[in-house]
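What follows is one structure encoded as structure tokens, with my remarks underneath.
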Amino acid sequence: MGAAPPSSWLAFILFFGTLVALPQSSHGGGTTRHYTFNVTMKKVTRLCTTRAIPTVNGQFPGPKIVTREGDRVVVKVLNNVKDNVTIHWHGVRQLRTGWSDGPAYVTQCPIQTGQSFVYNFTITGQRGTLFWHAHVSWMRATLYGAIVILPKRGVPYPLPVKPYKDVPVIFGEWFNADPETIVAQALQTGAGPNVSDAFTINGLPGPLYNCSSKGKTRPVQPGPIEKFKLTVMCHMCAASIDTFKLKVLPGKWYLLRLINAALNDELFFSIANHTLTVVDVDAAYVKPFRTDIVLITPGQTTNVLLRAEPDAGCPAATHLMLARPYGTGQPGTFDNTTVAAVLEYAPPGHIRSLPLFRPSLPALNDTAFAANYSARLRSLATPDYPANVPRAVDRSFFFAVGLGTNPCPVNQTCQGPNGTMFTASMNNVSFNMPTTALLQAHYGSVAGVYTPDFPVAPLEPFNYTGTPPNNTNVSHGTKVVVLDYNTSVEVVLQATSILGAESHPLHLHGFDFFVVGQGFGNYDSSKDPPKFNLVDPVQRNTVGVPAGGWVAIRFFADNPGVWFMHCHLEVHTSWGLKMAWVVNDGPLPEQKLMPPPADLPKC
């Protein structure tokens with residue numbers, strides 16, 4: 001097992017300055033990092049299936065952006081594929097630069113074929129790991145990559161130890177069919193979409209999947225551990241081109257930057273015979289804690305320290321790094337398979353003869369583990385990294401989130417529950433995407449694009465986690481909440497069991513928020529708030545709403561613009577589990593949304 005970090009975890013250590021070369025230019029007051037993202041089709045083979053997929057610069061996953069806190073990032077995106085494209089810089093606060101946030105028809109019209117757009121934003125008050133991904137339809141299935149934010153030069157990391165190396169570990173999903181075709185068919189028939197054919201780690205599915213190599217292989221079946229070792233070891237050499245390998249040196253510390261870029265699945269992750277120390281989530285430091293298993297939802301990032309400490313009795317060995325889904329509610333919407341990568345101490349070419357170790361992971365529906373893991377996350381809450389959680393609340397909201405149904409159109413057969421069509425909603429409103437970007441409508445005072453009447457609570461309260469109502473149909477609209485600048489906001493996100501109790505990873509654009517409380521069952525407005533953590537709650541941009549439970553978040557609306565809030569399970573977003581916040585300008589010049597860039601795409 002990994003050794004415990006030193007107890008003096010507040011010892012500040014600067015170590016990243018010499019590890020990366022940053023594309024840059026100087027400007028008054030800081031550094032600008034320049035990137036070009038050329039979106040093109042490239043043929044990629046996984047699971048013995050070759051298909052052309054959208055990529056950035058021909059890379060899958062896409063290129064890593066490396067920057068520092070306080071730097072400006074300028075990315076020119078050229079669209080050379082047939083589909084519309086936008087890029088979202090997931091978790092970047094975009095202070096006053098909402099035009100560069102990226103969600104299609106929310107902050108911008110998409111970049112059409114043959115067009116380009118320059119995203120221009122500054123990293124403010126953030127350091128750690130975020131990621132970028134496409135934000136239109138299901139294009140983010142292959143268009144994604146890491147964002148590494150280093151501290152300002154000369155500012156150390158508050159980490160327990162000095163890592164020898166840092167490594168992005170990006171979880172994704174691979175579809176043998178075109179994801180755009182899959183979602184289009186699901187929306188047409190009202191059924192749940194086909195699940196992915198494999199999970200991936202850094203774009204690779206690993207040896208546990210059928211045909212995950214140049215030569216065909218048989219899937220690994222559950223059985224005695226000896227049979228498992230033999231089967232995987234035989235496959236490992238043949239499948240090495242489709243398996244991510246992390247080669248480590250004994251005794252060294254590694255910083256793994258975990259990113260869940262999967263479309264529709266929360267994931268458990270573990271490394272055989274190694275303990276991980278969680279130090280950062282969503283580009284915000286946390287009080288370090290040790291765990292054998294990490295839970296990470298789509299849209300979340302987690303930095304963990306790994307001690308490369310081989311087993312004393314077997315110093316040369318191979319350890320599997322496994323991830324598989326945490327799924328609740330409707331089992332048909334989850335792909336209950338396992339992706340494997342390899343952590344090895346041996347020289348290349350010797351894997352066949354080495355012992356192989358496999359970690360244990362929780363059951364698919366282990367909600368108790370999910371809740372306990374989330375409860376361990378706490379902000380540093382030090383003078384250098386304070387937890388500026390709102391103590392008083394100006395506006396309170398209660399959002400019931402979950403699935404629902406639409407009636408089947410006349411003269412059509414639908415494949416949803418009881419012949420209906422699946423949909424999803426917040427406070428029974430399934431969001432209709434506009435054809436004009438919301439931010440452009442807000443900035444230009446264009447009427448008729450949205451209405452400012454998103455309900456602050458369900459219009460018809462019910463037993464959210466108990467017996468569902470007889471009528472599961474939802475309403476529809478392009479409704480937003482309008483906030484004055486710097487309003488302190490509390491939102492209770494309540495899961496529902498209308499069509500099964502599911503966990504929902506909710507992502508808020510434009511802000512970090514503090515998770516001040518969570519629980520199972522229905523939220524109690526009199527009993528639960530006294531138990532809120534207002535001292536060191538974890539700071540996030542994406543939070544899992546517990547299956548059959550609730551979570552409470554708080555934030556200051558100190559970023560003018562229009563900000564999307566949605567479930568990061570892409571199927572639920574497609575079904576309408578989304579809304580938007582409009583934050584008005586403040587009175588001072590530095591509290592106002594910047595004007596739109598000249599090359600902003602047109603609808």
Side-chain angles (χ1 to χ4, degrees), residues 91-96 98 124-128 280-287 300 374-375 377-401 426-427 452 454-457 480-494 506-519 523-546 549-566 579-588 590-593:
V92 174
R93 287 207 58 200
Q94 298 288 356
L95 287 169
R96 302 175 59 218
T124 304
Q126 296 178 292
R127 75 296 294 171
D280 181 296
V281 298
D282 293 359
Y285 298 130
V286 298
K287 291 182 173 67
Q300 290 183 342
S374 300
L377 294 166
R378 292 283 190 269
S379 293
L380 275 187
T382 63
D384 289 324
Y385 304 101
N388 294 319
V389 58
R391 299 296 182 125
V393 174
D394 297 324
R395 296 194 64 182
S396 297
F397 300 87
F398 182 90
F399 290 175
V401 299
M426 301 175 72
N427 281 352
F454 187 89
V456 300
V480 306
V481 171
V482 179
L483 299 171
D484 290 333
Y485 181 83
N486 212 33
T487 298
S488 57
V489 178
E490 178 181 282
V491 187
V492 174
L493 299 163
Q494 172 73 61
L506 264 291
H507 172 50
L508 175 61
H509 290 228
F511 303 94
D512 281 350
F513 52 75
F514 292 94
V515 182
V516 296
Q518 65 177 29
Y523 172 75
D524 189 315
S525 60
S526 60
K527 295 182 180 179
D528 290 321
K531 296 179 286 186
F532 283 178
N533 175 13
L534 303 181
V535 177
D536 60 351
V538 66
Q539 184 175 334
R540 306 213 72 140
N541 62 61
T542 305
V543 65
V545 181
W550 57 271
V551 64
I553 65 174
R554 290 186 181 185
F555 64 96
F556 288 105
D558 57 358
N559 194 6
V562 177
W563 305 108
F564 211 21
M565 185 173 184
H566 61 96
M579 55 84 66
W581 305 86
V582 174
V583 180
N584 290 322
D585 285 347
L588 303 177
E590 64 273 17
Q591 298 171 345
K592 299 183 186 302
L593 177 68

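Within the 4.5 Å cutoff, the side chain of Leu493 has heavy atoms near those of the Val543 side chain. Using a 4.5 Å heavy-atom threshold, the side chains of Arg540 and Gln300 count as touching. Under the 4.5 Å side-chain criterion, counting only non-hydrogen atoms from C-beta, Gln518 is not in contact with Phe532. Two residues are said to be in side-chain contact when any heavy atoms from C-beta on lie closer than 4.5 Å; Leu380 and Val286 fail this criterion. You'll find the side chain of Ile553 stays beyond 4.5 Å of the side chain of Val516, heavy atoms only. Side-chain atoms of Val481 and Phe397, non-hydrogen and from C-beta on, do get closer than 4.5 Å to each other. Using a 4.5 Å heavy-atom threshold, the side chains of Asp512 and Asp282 count as separate. Side-chain contact between Thr542 and Leu506 is absent, with no heavy-atom pair separated by less than 4.5 Å.
Between the side chain of Lys531 and the backbone N or O of Gly517 there is no donor-acceptor pair closer than 3.5 Å. In this structure, the side chain of Lys287 engages the main chain of Ser379 through a donor-acceptor pair within 3.5 Å. Distance alone, capped at 3.5 Å, places no donor-acceptor pair between the Asn541 side chain and the His509 backbone. Here the side chain of Gln494 pairs a donor or acceptor atom with the backbone of Gly549 at under 3.5 angstrom. Side-chain N or O atoms of Arg378 include one that pairs as donor or acceptor with a backbone N or O of Ala375 at under 3.5 Å. Judged by distance alone, with hydrogens and angles left aside, the side-chain atoms of Asp484 form no donor-acceptor pair with the main-chain N or O of Thr487 at under 3.5 Å. In this structure, the side chain of Gln126 engages the main chain of Gly91 through a donor-acceptor pair within 3.5 Å. Under the 3.5 Å distance criterion, the side-chain polar atoms of Arg96 are left unmatched by any main-chain donor or acceptor of Leu593. Looking only at distances, a side-chain donor or acceptor of Ser488 sits under 3.5 Å from a matching main-chain atom of Asp394. With hydrogens and angles ignored, the 3.5 Å screen pairs a side-chain donor or acceptor of Asn559 with a backbone N or O of Gly510.
Here Gln591 contributes atom CD and Asn584 contributes atom CG; the two are 12.5 Å apart, rounded to the nearest 0.5 Å. Atom CG of residue Leu508 and atom CE of residue Met579 lie 9.0 Å apart, to the nearest 0.5 angstrom. The distance from the CZ atom of Phe454 to the CH2 atom of Trp581 is 8.0 Å, given to the nearest 0.5 Å.
In summary, the aromatic rings of Trp563 and Phe555 are positioned with their centroids too far apart to meet the 6.0 Å limit.
Residues forming a ring pair (Phe, Tyr, Trp, His ring centres under 6.0 Å) with Tyr485 (at least two apart in sequence, or on another chain): none. With sequence neighbours left out, Trp550 forms a ring pair (Phe, Tyr, Trp, His ring centres under 6.0 Å) with Tyr523. Phe513 meets the ring pair (Phe, Tyr, Trp, His ring centres under 6.0 Å) test with no other residue; sequence neighbours excluded. In this structure, Phe556 has no ring pair (Phe, Tyr, Trp, His ring centres under 6.0 Å) partners at least two apart in sequence or on a different chain. Partners of Asn533 by side chain to side chain donor-acceptor pair (under 3.5 Å), not counting sequence neighbours, listed by chain and number: Asp536. For Ala400, the side-chain contact (heavy atoms from CB on, under 4.5 Å) partners at least two apart in sequence or on another chain are Asn427, Pro458, Tyr464, Thr496.
Between the side chains of Asp384 and Thr382, no donor-acceptor pair is found at a separation under 3.5 Å.
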Query raised in the report: When you look at Leu483 and Val489, which way does the side chain to side chain contact (heavy atoms under 4.5 Å, CB included) test go after all the steps?
Result: CA-CA 9 Å; Leu483 299 171; Val489 178; 3.8 Å; yes
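Under 4.0 Å is where a charged nitrogen must lie from a carboxylate oxygen, and between Arg93 and Asp558 at least one such pair does.
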